[in-house]
*Asks:* 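This structure is in structure tokens; I'll ask about it shortly.
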Amino acid sequence: MAAPSFSTTTLTPVLIHLLRGASDLASVAATHAKLLKAGFASTIASSNHLLAAYCRCGSMSHARDLFDRIRDRDVVSWTTLMSGYTASGRPQEAIAVLRAMEFSGVQPNVVTLSTAASACARLADAGLGRQVHARAEVAGCARDTIVCTALVDMYGKAGCVDDSRAVFDGMAAPARNAVSWGAMLAVYSQNALGNEAIRLFAELRTSGCGLTPNHFMLSSVLSACASVVRLSIGKCVHGAVLRLGHGNHEVIGVALVDMYSKCGCYEYSRKVFDRIEQPSVIPYTSIIVAAAKYGHGRCALAFLGEMVDRGVQPNDVTLLGVMHACSHSGLVDTGLQFLHSMKSKYGIAPCPSHYTCAVDMLGRAGRLEEAFGLAKEAQVEGNEALLLWNSLLSACRIHKRLDLATLAGQRVSEFNQDVAGGLVVMSNAYASAGQADNAAAVWSSMRQRGIQKDPGCSWIEVKDVSYVFYAGAVSCAGARADEVLMLLDELEYKMREKGYKGRLGSARVSDAHEDDGDGGKGVMVGVHSEVLALGFGLLVVPKGMTIRVIKNLRMCCDCHETFKFISDIVEREFVVRDLNRFHHFKTGSCSCNDYW
DNA sequence: ATAGGGTTAG
């Protein structure tokens, strides 16, 4: 038998060297075996090295076995095990390790507590996170930059944005580094507080802290710009990306593709995408989703073909994007083929969102019997099912199938939570069918049950400022409100000369998709919010510039017709982003060819 | 010196 050839003091560097190159279980286990065979008496340091190596290669069962056999476990052993569980997606077990560690009497340090905070972040559990926060205070670790940054992230992931900000504000200015700023920006961006993220980013640049935006901060801010549809700021950030030399970073490329597509600039998304070298599945998915939103179904299919040819595997999100593209382009049978062949062709089993998309697609195309059949046969539950039956209900209204609408409405009402949207659609279905009494009854029952619904609104960005319009209320236009109404009056007159049959303004029984905000008299609406936003845009956006309107609901047929007429009359281009796609109006027609 | 914090597609 070979004599041990290392002394305790020389072993550790050799061990590190062996373990550093070991990213797979086999080589870690081989090193482990060699040590045992050499008869080396393990020290706590060498055991911890091995433990970390097992964790790095994701083999938590081996890590646990080793850990259980370490007698004199120190804070590093415990922390390493916690970190391993967190990294392999088992944060609950990391917390159990923390509890066992405290029970065993070993004191946590800053590394332990930052690891614990990140386990709580993964669990999105603010209650547990608060306990870790308190423990950090007690241990005197609550001023540590990394602990604080982990807490900022933890509160954010748990949805407690104010707590994140309180921790961030409590950090002394020199303690805030680029990671802390990046974490706070990400918190705002991930919690749909885009404007707060934009404000904080501006603060970074004026704070005199001397930190330069890095790709983490830039991608968070771009996603913030996308979520609140702030094109002009997004373009400025794009400029900063190029100046700072981050233009070739894939993550930034994806954020830019997404930002431009959500801000109504599909062409820019294309240009950014074309500059990404060797795009992975995520950039491909983001451009496919962008194409889907603009109704470019053939384009989306071409991108899918291209990625497959290049050996990039699509995933469930990619295929959902492709199906959305089919749905919004009227490629119904192609979309259905995807649903039925995705398992065999791409190895991805359809999940509830794919079924929901297919049902929506059939409904959009007026193939309602098939849609109902698929809806019943799909194993969809919970919130997904609510979305599914809601979209069917919507389709029934559009295709004036009150018989089926009642059926779908019944399904929707079986869900006790969040039924407002469905009930509004039901009411609108009655109104479309000329049954104003039933429509009013739905509203009054909603009023009695205390159900509220977000009012429909549209907004437009002019020189970095957002103007929000609600149906029937032109007040956002401020001093120019009267001018907007006069302009719309004049346009209505010109539209009539070209054959327009509807009415823009005066109150009427609603076949509307939005109520007027007071909920009670909801079946009476005035002019829709997107028309007001457009009227304002025509006054303030210079001629020759595209007017971009954003709406929080689906665009209705009337407004769609109106926008087509007006684009012809004033010879301008409009882009409208509604709840699920974009419409590009130009010379009297729309990019969707009236299919959406 | 063996353990720690932030980002992208739905």
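Note that the structure is predicted; figures quoted are calculated from it, not measured. Numbered from 1 within each chain, the chains take letters A, B, ... in sequence-line order.
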*Asks:* Given dA3(B), dG6(B), dA9(B), identify the nucleotide with an atom nearest to the side chain of Lys157(A).
*Replies:* dG6(B)

*Asks:* With sequence neighbours left out, what residues match Arg90(A) under salt bridge (charged side-chain N to carboxylate O under 4.0 Å, His left out)?
*Replies:* Glu93(A)

*Asks:* From dA1(B), dA3(B), dG5(B), pick the nucleotide closest to the side chain of Ala150(A)?
*Replies:* dG5(B)

*Asks:* Would you say the base of dG4(B) and the side-chain of Asp144(A) have a donor-acceptor pair closer than 3.5 Å?
*Replies:* yes

*Asks:* At 4.0 Å (heavy atoms only), tell me whether Thr80(A) reaches a base, stays on the sugar-phosphate, or touches nothing.
*Replies:* sugar-phosphate

*Asks:* With a 4.0 Å cut-off on N to O distance, would you call Glu267(A) and Lys271(A) a salt bridge?
*Replies:* no

*Asks:* Considering every strand and a 4.0 Å limit on heavy-atom distances, what is the contact class for Val257(A): base, sugar-phosphate, or nothing?
*Replies:* nothing

*Asks:* Without decimals, in angstroms, what is the distance between Lys262(A) NZ and dG10(B) C1'?
*Replies:* 9 Å

*Asks:* Between Tyr284(A) (OH) and dT8(B) (P), how many Å, whole number?
*Replies:* 22 Å

*Asks:* When the distance from CD1 of Ile287(A) to C1' of dG10(B) is rounded to whole Å, what number comes out?
*Replies:* 15 Å

*Asks:* Side chain of Thr149(A), heavy atoms from C-beta onward: which of dG5(B), dT7(B), dG6(B) has the nearest atom to it?
*Replies:* dG5(B)

*Asks:* Whole Å only: how far is the CG atom of Asn109(A) from the P atom of dG4(B)?
*Replies:* 12 Å

*Asks:* Return yes if the base of dG4(B) and the side-chain atoms of Ser114(A) contain a donor-acceptor N/O pair under 3.5 Å, otherwise no.
*Replies:* yes

*Asks:* Can you name the salt bridge (charged side-chain N to carboxylate O under 4.0 Å, His left out) partners of Glu203(A), sequence neighbours left out?
*Replies:* Arg165(A)

*Asks:* Counting side-chain heavy atoms from C-beta on, which of dG5(B), dG6(B), dG4(B) comes nearest to Ala186(A)?
*Replies:* dG6(B)

*Asks:* Got a donor-acceptor pair under 3.5 Å from the side chain of Asn48(A) to the base of dA3(B)?
*Replies:* no

*Asks:* Do the numbers put Arg364(A) on top of the ring of Trp596(A), so that NZ or CZ is under 6.0 Å from the six-membered ring centre and no more than 45° off the axis?
*Replies:* no

*Asks:* In terms of side-chain geometry, is the basic nitrogen of Arg199(A) or Glu196(A) positioned less than 4.0 Å from the acidic oxygen of its partner?
*Replies:* yes

*Asks:* Give a yes/no on whether any side-chain N or O of Gln190(A) is located under 4.0 angstrom from OP1 or OP2 of dT7(B).
*Replies:* yes

*Asks:* Taking the inter-plane angle between the rings of Phe67(A) and Trp78(A) on a 0 to 90° scale, is it parallel (under 30°), tilted (30 to 60°) or perpendicular (over 60°)?
*Replies:* perpendicular

*Asks:* Minimum heavy-atom separation for Arg205(A) to Arg243(A), with atom names?
*Replies:* NH1-NH2, 4.4 Å

*Asks:* Between dT8(B), dG5(B), dG10(B), which one does the side chain of Ser180(A) approach most closely?
*Replies:* dG5(B)

*Asks:* If you only use heavy atoms from C-beta on, which nucleotide in dG4(B), dT2(B), dG6(B) is closest to the side chain of Ala45(A)?
*Replies:* dT2(B)

*Asks:* Taking side chain as C-beta onward, heavy atoms only, is Lys262(A) less than 4.5 Å from Ser227(A)?
*Replies:* no

*Asks:* Heavy atom of residues 299-332 of chain A under 4.0 Å from DNA chain B: which residues?
*Replies:* Asn315(A), Asp316(A), Val317(A)

*Asks:* Should the pair Tyr260(A) and Tyr268(A) be assigned to parallel (<30°), tilted (30 to 60°) or perpendicular (>60°) ring geometry?
*Replies:* perpendicular

*Asks:* Is Arg56(A) close enough to dT2(B) that one of its side-chain N or O atoms is under 4.0 Å from OP1 or OP2 there?
*Replies:* no

*Asks:* Val76(A) near the nucleic acid: base, sugar-phosphate alone, or nothing, with a heavy-atom cut-off under 4.0 Å?
*Replies:* base

*Asks:* When the distance from CD1 of Ile252(A) to P of dT8(B) is rounded to whole Å, what number comes out?
*Replies:* 11 Å

*Asks:* Among dA9(B), dG4(B), dT2(B), which nucleotide has an atom closest to any side-chain atom of Thr115(A)?
*Replies:* dG4(B)

*Asks:* Starting at atom OH of Tyr188(A), determine the distance to atom P of dG6(B), rounded to an integer number of angstrom.
*Replies:* 18 Å

*Asks:* What is the separation between atom CG on Asp258(A) and atom C1' on dT8(B), rounded to the nearest whole Å?
*Replies:* 8 Å

*Asks:* Across the strands shown, which category fits Thr145(A) at heavy-atom distances under 4.0 angstrom: base, sugar-phosphate, nothing?
*Replies:* base

*Asks:* Separation of Leu185(A) atom CG from dT7(B) atom C1', in whole Å?
*Replies:* 11 Å

